[in-house]
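What follows is a single structure, written as structure tokens, with notes after it.
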Amino acid sequence: MPTLERIDAFADELTAIRRDLHAHPEIGFEEVRTSGIVADKLTSWGVEVHRGLGGTGVVGVLKGKGSGGKRIGLRADMDALPMEENTNLAWRSTIPGRFHGCGHDGHTTMLLGTARYLAETRNFDGTVHFIFQPAEEGLGGARAMIKDGLFKQFPCDEIYGLHNAPDMNHGEVGIFPGPAMAAADFFDITIKGYGAHGAMPERSKDPVVIAMSLGQAMQSIVSRNVNPFESAVLSITQIHSGSAYNVIPDDAKLCGTVRCFSEKVRMQIRERMHALAAGMATAFDCEIKVDIRDGFSVLVNQEEHSKAVEDVARTIVGDANVITRAKPKMGSEDFADMLHAVPGAYFWVGQEGSVPVHNPGYYLDDKILPIGASMFARIVETRLPA
């Protein structure tokens, strides 16, 4: 069967909700307006609402027919990115420096569509927990909800999440069993040198030269230390130092991210970063501090639940549009932490347009809203048959 007829019937309303959320983006742990809209919509459809988990998180609870059945969690992220939007859309962001550049407004709307449909039909036996998560974009929203007792208050036997995919064709659904998205560390490396006049570098311990040397050396970690059959990325994304043309500064800072699919490689890269920094500190007679933070875990899809998503996708988008070949992504996703607590799967819904997420010109294809909502709804009806 294609997208669910009842969801198609209110697709225009979903589009209106999504565009309103898009025009009023809120970044991590600031999703006050967004979570309020979510709570109001759920309440209006007869879904039991709980607010405040992880700060601005919302959980809706819906029971189906009968008193048995398992408990399924469905999760959507709500936060926007701290960046400018560069589109000419009529519903573009109205808040400077805030932009739904990853499509979380679409994910939130899809899950709302699922909640409305299931509340109207109740064609399942069990309990559904609709989990609207704050702060996915590197701020630890999933961990915050879990710490606040998400799965103690709302136990789940399995859990599912999704993401839009501009790198796939419209109507395609991708599900990859096993490690599907990389772990991510974020790092800050502070180099304490000794400043001097730009014309007298011999009197300095130049932190800029040290930063360039260390940054170059760190690029050898993946190419010369990590097994070539393992995937890893080390990216320096920020360099901060200096304030004048003729002043060698006292300090410099390197910031960036590390991505990989194994804890062994993760530990190896961390150790090499510390070792290189210590060596550079000795070589240049300076102080170097390395701070590496665990941002995201490896996202691992369970075989059983991946197969369940695959089977549902075949009924929604057709056999030819279901992609199951192994295609792990170096991007990271904090739904991984929920999958560490509860078995489940995370999948992708292809959309029109080739502008990637996190690009100022990105836009979400509203035509995929019924697809995502139908996928979630059919997963519930299939896994919790009435």
Side-chain angles (χ1 to χ4, degrees), residues 3 7 11 14-28 30-31 33-35 37-38 58 74-95 97-115 130-139 141-142 160-175 180-181 296 299 317 323 329-336 346-376:
T3 50
I7 292 177
L14 294 181
T15 295
I17 292 171
R18 206 282 298 179
R19 293 181 178 182
D20 176 67
L21 295 177
H22 187 90
H24 302 90
E26 297 170 303
I27 61 173
E30 297 180 8
E31 307 94 340
R33 181 182 185 275
T34 303
S35 61
I37 290 172
V38 167
V58 179
L74 302 175
R75 175 271 202 176
D77 35 20
M78 298 187 293
D79 58 323
L81 286 159
M83 62 181 290
E84 296 289 343
E85 178 174 1
N86 183 22
T87 73
N88 293 318
L89 298 172
W91 52 91
R92 62 167 298 164
S93 173
T94 59
I95 304 174
R98 302 288 185 266
F99 171 38
H100 267 298
C102 201
H104 296 184
D105 50 342
H107 306 161
T108 296
T109 304
M110 292 173 193
L111 189 52
L112 284 173
T114 303
F130 304 101
I131 302 167
F132 293 86
Q133 181 206 305
E136 189 280 328
E137 295 289 356
L139 297 177
Y160 299 87
L162 59 73
H163 204 289
N164 70 91
D167 59 336
M168 294 167 57
N169 296 320
H170 172 79
E172 291 181 336
V173 171
I175 176 69
M181 297 190 75
F296 299 90
L299 187 147
V317 298
I323 300 172
K329 297 177 180 286
M330 290 306 296
S332 301
E333 162 64 61
D334 78 352
F335 184 63
Y346 187 78
F347 59 96
W348 289 265
V349 179
Q351 67 165 51
E352 288 183 358
S354 59
V355 180
V357 296
H358 292 223
N359 181 290
Y362 163 84
Y363 65 92
L364 185 117
D365 173 13
D366 287 314
K367 294 190 294 298
I368 70 170
L369 298 176
I371 297 175
S374 295
M375 282 292 302
F376 271 154

Problem set entry | M181 versus Y346, closest heavy-atom pair with distance | SD-CE2, 3.8 Å

Exercise. Any donor-acceptor pair under 3.5 Å linking the side chain of E136 with the backbone of F335?
Worked result: no

Exercise. Where is the tightest heavy-atom contact between V173 and M168, given as atom of each residue plus distance?
Worked result: C-CE, 3.8 Å

For this session: Could you check if a side-chain atom of H22 sits within less than 4.5 angstrom of a side-chain atom of F99, using non-hydrogen atoms only?
Result: yes

Seminar exercise, completed: Here the gap from L21 atom CG to L112 atom CG, rounded to the nearest 0.5 Å, amounts to 7.5 Å

Exercise. Checking side chain to side chain contact (heavy atoms under 4.5 Å, CB included) for the pair M375/V317: CA distance, chi angles, key distance, verdict?
Worked result: CA-CA 9 Å; M375 282 292 302; V317 298; 5.6 Å; no

Problem set entry | Spacing of I95 atom CD1 and E26 atom CD [to the nearest 0.5 Å] | 6.5 Å

Exercise. Judged by atom type as modelled, is there a donor-acceptor pair below 3.5 Å linking the side chain of E31 to the main-chain atoms of A135?
Worked result: yes

For this session: Taking the side chain as every heavy atom from C-beta outward, state whether E84 and S93 have any atom pair closer than 4.5 Å.
Result: no

Exercise. Is M83 close to R98 at the side-chain level, that is, under 4.5 Å between some pair of heavy atoms?
Worked result: no

Exercise. Short question: side chain of E85, backbone of T87 - any donor-acceptor pair under 3.5 Å?
Worked result: no

For this session: Flag the pair I37 / M78 as yes when at least one side-chain heavy-atom distance between them is below 4.5 Å, and no otherwise.
Result: no

Problem set entry | From K367 atom NZ to E352 atom CD, the distance as rounded to the nearest 0.5 Å | 3.5 Å

Problem set entry | Pairwise distance CG(L111) to CG(L14) - rounded to 0.5 angstrom | 11.0 Å

Exercise. H107: what forms a side chain to side chain donor-acceptor pair (under 3.5 Å) with it, not counting sequence neighbours?
Worked result: D77, N164

Exercise. Do the non-hydrogen side-chain atoms of V355 and P166 ever get within less than 4.5 Å of each other?
Worked result: no

Exercise. side-chain hydrogen bond (donor to acceptor under 3.5 Å, both in side chains) with D105: which of R19, R18, H24?
Worked result: R18

Exercise. Do the side chains of L81 and H358 get nearer than 4.5 Å, heavy atoms only?
Worked result: yes

Exercise. Do F347 and V349 touch side chain to side chain, with heavy atoms closer than 4.5 Å?
Worked result: yes

Exercise. So L364 and L369, side chain to side chain contact (heavy atoms under 4.5 Å, CB included) or not? Walk me through it.
Worked result: CA-CA 9 Å; L364 185 117; L369 298 176; 4.1 Å; yes

For this session: Calculate, to the nearest 0.5 Å, the distance between atoms OG1 and CG belonging to T108 and D79 respectively.
Result: 8.5 Å

Exercise. About how many Å separate CG of L74 and CD1 of I131, when rounded to the nearest 0.5 Å?
Worked result: 7.5 Å

Exercise. Quick one: are K329 and W348 in side-chain contact, heavy atoms under 4.5 Å?
Worked result: yes

Problem set entry | Contacts of N169 that satisfy side chain to side chain contact (heavy atoms under 4.5 Å, CB included) - sequence neighbours left out | E172

